[in-house]
Protein chains: 2
Amino acid sequence: MPKPTFFNLPEAKRKAFLETALEEFAGRDYESASISQIVAKLKIAKGSFYQYFEDKRDLYLYLIELAAQERIRFVKSLPPPDPQKSFFAYTEWLLEMGVRFTFEYPRLNQIIYRAMFGTLPFRDEMLQRMKESSQDYIRQVLMQGIAAGEIEPDLDLELVAYLLNLITNDFNNFLIKKLELDPQRLMEGDYSQLDLEAIRGVFTKAMEFVRYGLAKRRV
Amino acid sequence: MPKPTFFNLPEAKRKAFLETALEEFAGRDYESASISQIVAKLKIAKGSFYQYFEDKRDLYLYLIELAAQERIRFVKSLPPPDPQKSFFAYTEWLLEMGVRFTFEYPRLNQIIYRAMFGTLPFRDEMLQRMKESSQDYIRQVLMQGIAAGEIEPDLDLELVAYLLNLITNDFNNFLIKKLELDPQRLMEGDYSQLDLEAIRGVFTKAMEFVRYGLAKRRV
DNA sequence: ATAGAATATGACCAGTTAGTCACATGACCG
DNA sequence: CGGTCATGTGACTAACTGGTCATATTCTAT
């Protein structure tokens with residue numbers, strides 16, 4: 001946890017600090033991310049950093065916690081389609097929200113992605129910080145789908161939740177490849193290249209796979 | 001490419017070098033992996049390393065190439081089930097081979113995984129080295145499945161190949177969680193904890209999802 | 001035995017890192 | 001004004017990094 005000093009900081013300074021720290025930790029993995037670089041970019045003294053945080057790891061775990069909270073906040077901020085209507089519409093919406101989050105908060109998304117799939121010297125502490133994991137959330141939604149009779153009840157929920165979570169988290173990588181987007185420009189907040197129609201088309205295709213699998217449809 | 005000197009090395013020494021280098025690069029990301037650590041473990045002089053390779057990146061790209069080749073060799077070394085019989089049996093076999101490779105060559109697998117999903121200062125050169133990517137291979141197999149009339153022809157092949165590749169590559173992570181395996185012991189080559197029956201059960205469930213998706217089966 | 005090439009060595013360099021600490025500055029309060 | 005406490009500072013440490021290079025050793029072929 002950050003020291004009290006950090007929270008006493010004028011908001012502008014605190015925001016600027018987080019901005020820069022997120023930038024640093026989003027682009028490189030934990031070991032490579034550099035406190036020295038952060039303070040250099042911010043033009044503050046090295047000592048100041050250690051007034052705000054215990055150490056590097058303290059900052060990193062805080063950033064993860066922040067990113068995870070922000071993602072949950074983001075997903076909850078927009079109303080889902082009528083949940084009663086169709087489980088699959090809901091899942092597609094979830095997928096879409098994941099991608100939108102990626103585009104709107106690319107750095108936060110990177111941090112989460114790294115924390116989930118990367119190497120970390122302290123996975124356990126990290127997982128604690130991401131209490132409400134999206135995987136648990138997906139599992140809940142799946143159970144609702146089963147209750148509503150839309151989903152095959154014989155599925156291994158844990159397995160499917162894992163796979164869906166995996167797909168959701170990695171989907172933007174596919175989009176970037178498929179639509180030949182420039183990740184650099186996206187990272188810099190330039191969305192002019194986004195073709196929302198095309199993206200929605202890919203969503204629909206992805207949902208077809210999730211819904212019916214590969215097998216030839218029986219007509 | 002390694003310098004000629006490296007290939008002139010007595011086989012035992014060359015193997016030992018690769019062993020140690022793989023260990024180092026499997027465990028940490030590119031920036032964190034340390035040449036100094038490698039030569040220290042091998043008890044050879046720093047200068048010797050630079051007789052074998054141009055630089056760090058030269059070694060890394062070589063390791064990736066090696067790992068990718070080894071994976072292809074491994075998959076091709078065991079005969080698949082009758083390819084004419086069922087596309088899905090074939091795909092399940094492919095998934096199984098992926099997992100078996102993970103268990104038998106955990107370090108090689110880590111390197112490939114890192115190369116595909118991690119951060120890299122030179123993605124392009126890396127992708128060139130992994131010419132025959134498993135994703136292309138999966139796409140071929142899918143096309144055969146369509147030709148055989150087993151697979152829905154309306155699918156977006158590129159998308160599905162991407163998702164299948166993703167699942168195959170990450171599946172062992174799920175297995176480890178699901179079967180509560182100890183990754184540390186696996187890394188050290190201790191497979192006594194493996195329950196092949198249980199693993200096969202998870203495969204089957206995963207293939208059900210891949211085959212029919214989430215939707216409730218029509219009976 | 002000897003020349004010449006191939007290989008091995010480790011001190012050294014310039015650069016980086018996380019973290020510390022004695023001190024300076026600033027803000028608020030009586 | 002003075003005093004006290006929070007905040008800011010940057011030189012410094014010890015440890016590390018990738019890479020170089022002059023020198024030493026070992027191998028090979030005559």
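Worth knowing before you read on, the calculation uses all heavy atoms, side chains too, and leaves out hydrogens, waters and symmetry mates. The chains referred to below are lettered A, B, ... by the order of the sequence lines, with proteins before strands, and numbering in each begins at 1.
Nearest heavy-atom pair, B:I151 versus B:L155, reported as atom, atom and distance to 0.1 Å: CG2-CD1, 3.6 Å.
Residue B:S34 places none of its side-chain N or O atoms closer than 4.0 Å to OP1 or OP2 of D:dC16. Taking side-chain N and O atoms only, B:N8 has a distance below 4.0 Å to OP1 or OP2 of C:dT7.
Here the nucleotide nearest the side chain of B:S36, chosen from D:dG10, C:dA18, D:dT17, is D:dT17. The nucleotide whose nearest atom lies closest to any side-chain atom of B:Q37 is, among D:dC16, D:dT20, D:dG8, D:dC16. Nearest nucleotide to the side chain of B:T5, out of C:dA8, D:dT9, C:dG19: C:dA8. Each of D:dT9, C:dG19, D:dG18 was ranked by its minimum atom distance to the side chain of B:I35; first place goes to D:dG18.
B:A33 comes within 4.0 angstrom of sugar-phosphate atoms only, judged by non-hydrogen atoms across all strands, and of no base. Within 4.0 Å (heavy atoms only), B:K46 reaches at least one base atom of the nucleic acid. A:Y52 comes within contact range of the sugar-phosphate backbone alone, with a heavy-atom separation under 4.0 Å but no base atom that close. Residue-level contact check: B:K13 touches the backbone only, with heavy atoms under 4.0 Å from sugar-phosphate atoms and none from bases. The residue A:S48 sits close to a base: some heavy atom pair falls under 4.0 Å.
If you take CG of A:D55 and C1' of C:dC21, they are 17 Å apart, rounded to a whole angstrom. Distance, B:L42 CG to C:dA8 C1': 14 Å, rounded to whole Å.
B:R123 contributes atom CZ, which lies 4.5 Å from atom CE of B:M126 (distance to the nearest 0.5 angstrom).
Partners of B:D170 under the side chain to side chain donor-acceptor pair (under 3.5 Å) rule, at least two apart in sequence or in another chain, are A:Y162, B:Y113, B:N173.
Each of A:Q51 and A:E31 has a nearest nucleotide on DNA chain C; the 5'-most of these lies closest to A:E31.
Aromatic ring pairs are classed by plane angle as parallel below 30°, tilted from 30° to 60° and perpendicular above 60°; the pair B:Y30 and B:Y60 is tilted.
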